[in-house]
Every structure is written in structure tokens, then in C-alpha cells.
Number of protein chains: 2
Amino acid sequence: MTDTRWLSEEEQTAWLRAAAVLELLPGALDSQLLRDSELTHFEYFALASLSEAPERTLRITALAALTNATLPRLSRVLTGLEKAGLVKRATCSEDRRAKNVTLTDAGWEKVVRAAPGHVENVRRLVLDRLSPEQVRQLSEIAEALLGQLDPEGRVFGSTHVDGPAPT
Amino acid sequence: MTDTRWLSEEEQTAWLRAAAVLELLPGALDSQLLRDSELTHFEYFALASLSEAPERTLRITALAALTNATLPRLSRVLTGLEKAGLVKRATCSEDRRAKNVTLTDAGWEKVVRAAPGHVENVRRLVLDRLSPEQVRQLSEIAEALLGQLDPEGRVFGSTHVDGPAPT
DNA sequence: TAGAGTTTGTTGTAGATGCAATCATAAGAG
DNA sequence: CTCTTATGATTGCATCTACAACAAACTCTA
């Protein structure tokens with residue numbers, strides 16, 4: 001076991017601030033969406049991901065990858081969204097273990113109505129606080145971190161409903 | 001209502017990546033600490049904050065501010081830590097509404113043992129993935145965001161005392 | 001010193017999440 | 001073809017968290 005490489009003062013400050021953002025930002029995202037649209041940020045993101053998919057439809061596993069969620073978590077969230085009439089599940093004909101989730105018209109409406117407020121909130125909380133240069137920096141920093149956090153690059157991978165997931 | 005300023009492609013990419021980090025990083029932090037030290041990241045952070053405070057003691061409200069937690073959340077976490085013998089609560093003599101939380105010797109030991117693994121994990125997940133320049137950029141970006149998320153500047157304004165147990 | 005209003009911390013309750021176990025279906029080995 | 005293993009999705013259970021209601025103690029005013 002080698003000795004621990006402790007953090008330099010600069011590293012410590014950077015990490016302290018980043019950890020604070022990690023603690024505060026999710027709540028700030030949820031609270032606006034819950035207040036204005038009765039959606040958590042995760043629910044919104046799932047609906048928005050569906051809205052951009054072909055046929056507004058994705059396999060549950062594919063949606064889980066896009067949203068960085070575990071399958072159990074997504075399954076329960078989908079149950080709620082389905083009860084609210086925003087999505088519907090249907091067994092996949094090609095692989096009867098799998099299911100396709102489809103955004104309903106009501107779900108589409110929901111996303112369309114929620115989007116402006118959410119985008120404004122993302123601007124207020126994040127993008128408008130940063131210079132264009134910093135937005136580029138954030139993008140590269142986050143990409144670098146995802147290399148470790150998400151080795152499969154699921155976030156960037158393609159979003160198709162048919163066919164097996166890319167290995 | 002003015003028209004929504006939608007995100008440019010660069011902004012969208014940056015935000016998509018940042019949101020993915022927001023979703024994945026907390027779990028990655030928790031999982032190492034839970035596996036190696038039976039602590040959540042939040043519990044570790046609370047203990048570490050206490051370890052750096054004078055007398056290893058803080059008012060509960062002050063600790064909540066340092067850790068960016070709500071009071072109910074912190075109260076319940078402290079109950080757990082107290083049951084585990086890692087901290088103890090004592091009514092403050094000057095203001096009998098308030099309570100001081102103190103890190104016990106066992107709590108100190110716990111932090112000291114957990115710190116190396118946690119720091120290595122922070123390096124593996126974050127700091128070692130970034131150039132020194134990017135660490136500075138991350139620091140400034142996070143600071144800018146905290147200006148909106150944490151207007152009181154609780155993270156910075158508070159007592160940041162040097163101590164043996166680092167972040 | 002009485003009382004309104006505040007601050008500090010805890011608790012009731014409901015909803016969210018992760019892990020492990022489970023069920024159903026598919027793919028592969030012999 | 002049968003049996004074993006792997007995959008897709010859901011559910012049981014324990015834990016965590018937020019919001020709101022609450023209790024206790026402080027402050028300020030008259």
C-alpha cells in the first residue's frame with residue numbers, strides 16, 4: 001500500500017466546491033420542476049429522452065442507459081408515469097422479455113409545457129452563470145469524468161429501439 | 001412571457017454531460033465509502049467537517065450549513081452516528097435551544113481510517129482525470145454556480161480550520 | 001414580566017432509491 | 001431436444017430524504 005497522495009490546497013478547494021454543487025444542484029432542479037410541472041428532474045429527463053427517440057419509443061434498458069438509472073429505479077418511475085398516463089409500456093414482439101416504453105400524447109404535451117421553465121432554470125442556475133469559455137470547459141471536464149463514471153459511454157451512444165444494445 | 005432561449009448545441013452537450021455526472025458521481029462516492037468504511041459520503045463529510053472544527057465540535061446548524069444539508073436530514077443522520085458512538089450531542093450551555101455535536105475518539109478514528117481510501121477515490125474519479133488547469137477551471141465554475149445555489153456562501157464563510165483529517 | 005414572533009432542533013408521514021431476490025424469456029452447450 | 005446459463009424487467013425490504021408540524025428556548029417590545 002503506497003502512501004496516500006493528499007489533496008493540494010487547490011485540489012481541496014476545487015473538490016469542496018464541486019461536492020457542494022453536487023449536493024445542492026439536484027434539489028434546485030427538482031424543486032422548480034415539481035413546483036411548476038409536478039415532475040422530478042429524473043422524470044422530466046426520462047420523458048424528454050423518450051420525446052427525442054424514434055417513434056417516441058425506447059426499450060426500458062436503453063432508457064435506463066440514457067438516463068443513467070438502475071433498472072429497478074426506472075421501473076418504478078415508469079409505473080408512476082404510466083399511472084399518470086404519460087407513457088405506456090408494451091411487450092417487445094421480437095424479444096418478449098423486453099418492453100418498449102412509448103411517450104403518449106399527454107406525455108408529449110407534458111414535456112412541451114415543462115420544457116421552457118426547466119430550460120430557463122438550467123440557464124439561471126448554470127449556463128448563465130458561466131462564460132461561453134467556461135461552458136466549453138465544463139463540457140470537457142464532464143466528459144473526462146464520464147470516462148471513468150460511465151466507461152461504456154452510454155450517454156453518448158445511439159438511441160435506437162430495435163436491435164440489440166451495442167456492446 | 002418572453003420566448004424561451006433554447007440551448008445551443010454546445011450548451012446542450014455541456015448540460016447533458018454535467019447532468020450525467022450529477023447522476024453518477026454521488027453513487028460512486030457512496031459505494032466506495034460504504035464498502036470500505038460503512039459510511040455514506042454525507043456521513044463521512046459530516047464527520048470530516050467535525051474533525052476540522054475547533055474542539056471537534058460544531059453547532060448542529062453550523063454543521064448543516066457546512067454540509068449543505070437540511071436540518072431534518074442532518075438530525076437523523078446524527079442520530080445514527082450517535083448510536084454508532086461516532087459523535088455525541090450536548091445541549092449548548094449558552095443557548096439551550098441549540099446543541100453541540102462533538103466527534104468522539106471513535107469517530108476520529110473512523111475518519112482517519114476512511115480518509116485515505118476516500119481521497120484515492122476522489123482522485124480516481126475526479127482529480128486525476130483532469131489537468132491542473134482543468135482543476136482550476138472546475139474550481140471557478142463550481143464557485144460561480146454556488147453563487148446562485150448557495151447565496152449565503154455558507155460553504156466558504158464558515159470556519160475552515162486546518163486539521164490532520166483532510167477532505 | 002407578559003406575549004408575539006423567531007430560531008433551534010426533532011419527529012410524523014409519505015415518497016424515493018438501492019440491493020437482492022424473483023419471474024419470464026432467450027441463447028447456448030451437449 | 002433438454003438443460004444450464006444469461007438477460008430484461010419487476011418487486012420485497014430496508015433505508016434515506018423532504019416537507020410540514022411540532023416543542024422548546026430565546027429576543028424584543030411594551
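Nothing here was measured: the structure is a model prediction, and the numbers come from that model. Throughout, a chain's letter reflects where its sequence line sits, starting with A, and its residues are numbered from 1.
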Please identify each residue that fulfils salt bridge (charged side-chain N to carboxylate O under 4.0 Å, His left out) with [X], with sequence neighbours left out.
| X | result |
| --- | --- |
| A/E109 | A/R113 |
| A/D36 | none |
| A/R56 | A/D105 |
| B/E94 | none |

Q: Take nucleotides 10-19 of chain D nucleotide by nucleotide from the 5' end and write B, S or -, depending on whether a protein heavy atom sits under 4.0 Å from the base, only from the sugar-phosphate, or from neither.
A: BBBB---BBB
Integer-rounded Å distance: [N] [atom2] and [X] [atom1]:
| X | N | atom1 | atom2 | value |
| --- | --- | --- | --- | --- |
| B/L24 | C/dG18 | CG | P | 11 Å |
| A/E82 | D/dA9 | CD | P | 13 Å |
| A/N100 | D/dG8 | CG | P | 13 Å |
| A/R59 | D/dT7 | CZ | P | 14 Å |

Q) A/Y44: what forms a ring pair (Phe, Tyr, Trp, His ring centres under 6.0 Å) with it, not counting sequence neighbours? A)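 If we apply the ring pair (Phe, Tyr, Trp, His ring centres under 6.0 Å) test to A/Y44, skipping adjacent residues, the hits are A/H118.
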Q. So which pairs with a foot in residues 63-108 of chain A pass ring pair (Phe, Tyr, Trp, His ring centres under 6.0 Å), sequence neighbours left out?
A.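 Listed once each, the pairs would be none.
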Q) What pairs of residues pass the salt bridge (Lys or Arg N to Asp or Glu O under 4.0 Å) test when at least one of them lies in residues 121-139 of chain B, not counting sequence neighbours? A)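 Residue pairs passing salt bridge (Lys or Arg N to Asp or Glu O under 4.0 Å), neighbours aside: A/R5-B/D128, A/E10-B/R136, A/E11-B/R123, B/R123-B/D128, B/E133-B/R136.
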Q) Got a sec, which residues hit side-chain contact (heavy atoms from CB on, under 4.5 Å) with B/T104, two or more places apart in sequence or on another chain? A)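 With neighbours one apart ignored, the set is B/K88, B/A106.
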Q) Taking atom CD of A/E140 as the centre, does the number of heavy atoms from other residues, nucleotides or ligands within less than 6.0 Å exceed 12? A)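 Atom CD in A/E140 is not crowded, with 12 or fewer foreign heavy atoms closer than 6.0 Å.
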Donor-acceptor pairs are to be reported for all side-chain atoms of residues 77-86 of chain A against protein atoms at under 3.5 Å, with residues two or more places apart or in another chain.
unit_1: A/T79; atom_1: OG1; unit_2: A/S75; atom_2: O; d: 3.0
unit_1: A/T79; atom_1: OG1; unit_2: A/R89; atom_2: NH2; d: 2.7
unit_1: A/E82; atom_1: OE1; unit_2: A/R89; atom_2: NE; d: 3.0
unit_1: A/E82; atom_1: OE1; unit_2: A/R89; atom_2: NH2; d: 3.3
unit_1: A/E82; atom_1: OE2; unit_2: A/R89; atom_2: N; d: 3.0

Just the table, please: protein N/O against nucleotides 3-5 of chain C N/O, every pair under 3.5 Å.
none

Distances for protein N or O near nucleotides 24-27 of chain D N or O, under 3.5 Å:
unit_1: D/dC26; atom_1: OP1; unit_2: B/R96; atom_2: N; d: 2.8

